[in-house]
Trainee: 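Below: one structure in structure tokens.
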Amino acid sequence: MAAGLAVFTRDGHMSVQVMERNPPAQTPAGPEQYSQGGYEASFGTYAIDDSAHTFTFHVEGALVRTLIGKDLPRAFEFSAKQLIVKSTRPDEHWRVAWEHY
């Protein structure tokens, strides 16, 4: 289980912070490392493609420095008060649900 905050501003900026409550002893190897020590933090800009239900997060700064300068495409959908975000990469199998407050 994880907790965090995602902020999207009207002028196209975003910030994400996520903390795993009980991080694994060792992060599993995957196609991309997004967190370090059970914590993820990044910020940058985003652009939405409404017709494809995707957005691209352009990372300007991140705890995991190898992400800086990358464009991360994401699929999104809305369900009740939730924003559900998934990777568009076929080799990544994760999903995050953000609750709107």
Side-chain angles (χ1 to χ4, degrees):
M1 184 69 141
L5 177 70
V7 176
F8 294 82
T9 66
R10 293 183 194 273
D11 66 351
H13 291 86
M14 70 178 284
S15 173
V16 176
Q17 294 185 58
V18 178
M19 183 183 78
E20 295 180 46
R21 294 181 193 264
N22 297 302
Q26 189 175 28
T27 305
E32 191 79 70
Q33 180 182 346
Y34 298 108
S35 65
Q36 182 175 322
Y39 190 79
E40 175 182 344
S42 55
F43 66 89
T45 58
Y46 69 95
I48 297 175
D49 181 341
D50 281 321
S51 63
H53 292 278
T54 62
F55 69 90
T56 300
F57 177 27
H58 176 72
V59 181
E60 295 176 5
L63 177 64
V64 176
R65 298 183 72 78
T66 57
L67 292 174
I68 297 171
K70 291 195 175 185
D71 288 330
L72 305 176
R74 304 290 185 238
F76 72 89
E77 64 184 82
F78 293 101
S79 176
K81 291 177 69 176
Q82 290 186 333
L83 166 63
I84 299 167
V85 178
K86 301 182 266 189
S87 176
T88 58
R89 293 172 49 162
D91 57 340
E92 292 186 336
H93 306 283
W94 56 264
R95 173 182 188 270
V96 177
W98 298 97
E99 188 81 19
H100 181 264
Y101 290 99

Trainee: Rounded to the nearest 0.5 Å, how far apart are OG1 of T56 and CZ of R74?
Mentor: 9.5 Å

Trainee: What I'd like to find out is whether the side chain of L83 reaches to under 4.5 Å of the side chain of F78, using heavy atoms alone.
Mentor: yes

Trainee: Is there a side-chain contact between L67 and Y34 (heavy atoms, below 4.5 Å)?
Mentor: yes

Trainee: If you measure from CD1 on I84 to NE2 on H53, what distance do you get to the nearest 0.5 Å?
Mentor: 13.0 Å

Trainee: Residues two or more places apart in sequence or in another chain: which of them pass side-chain hydrogen bond (donor to acceptor under 3.5 Å, both in side chains) with S87?
Mentor: E92

Trainee: Between Q33 and S35 (side chain of the first, backbone of the second, donor and acceptor by atom type, cut-off under 3.5 Å), is there such a pair?
Mentor: yes

Trainee: Run through the side-chain heavy atoms of Ile, Leu, Val, Met, Phe, Trp and Tyr, join any pair under 4.5 Å, and report what else lands in L63's cluster.
Mentor: M19, Y39

Trainee: Please give me the minimum heavy-atom distance between S42 and F57, naming the atom from each residue.
Mentor: OG-CE2, 3.4 Å

Trainee: Taking only residues two or more places apart in sequence or in another chain, which ones pass salt bridge (Lys or Arg N to Asp or Glu O under 4.0 Å) with E20?
Mentor: none

Trainee: To check you understand the geometry: which heavy-atom pair defines the closest contact between D71 and H58, and what is its length?
Mentor: OD1-ND1, 2.7 Å

Trainee: Please tabulate, for the side chains in residues 3-16, all donor-acceptor contacts under 3.5 angstrom to protein atoms that are two or more places apart in sequence or on a different chain.
Mentor:
{"from": "T9", "atom 1": "OG1", "to": "D11", "atom 2": "OD1", "distance (Å)": "2.4"}
{"from": "T9", "atom 1": "OG1", "to": "H13", "atom 2": "N", "distance (Å)": "3.0"}
{"from": "T9", "atom 1": "OG1", "to": "H13", "atom 2": "O", "distance (Å)": "3.2"}
{"from": "D11", "atom 1": "OD1", "to": "H13", "atom 2": "ND1", "distance (Å)": "3.1"}

Trainee: Is there a chain of hydrophobic side chains (I, L, V, M, F, W, Y, each step under 4.5 Å between heavy atoms) that links F43 to V64?
Mentor: no

Trainee: Between S51 and D49, which heavy-atom pair has the shortest distance, and what is it?
Mentor: OG-OD1, 2.8 Å

Trainee: To the nearest 0.5 Å, tell me how far L72 CG sits from F55 CZ.
Mentor: 9.0 Å

Trainee: Kindly write out the residues that satisfy side chain to side chain contact (heavy atoms under 4.5 Å, CB included) with V96, not counting sequence neighbours, or none if the list is empty.
Mentor: W94, W98

Trainee: For the residue pair I68 and E60, what are the closest heavy atoms and their distance?
Mentor: CG2-O, 3.5 Å

Trainee: Just how far is it from atom OG1 of T54 to atom CZ of F76, taken to the nearest 0.5 Å?
Mentor: 7.0 Å

Trainee: What residues, two or more places apart in sequence or in another chain, satisfy side-chain hydrogen bond (donor to acceptor under 3.5 Å, both in side chains) together with Q82?
Mentor: E99

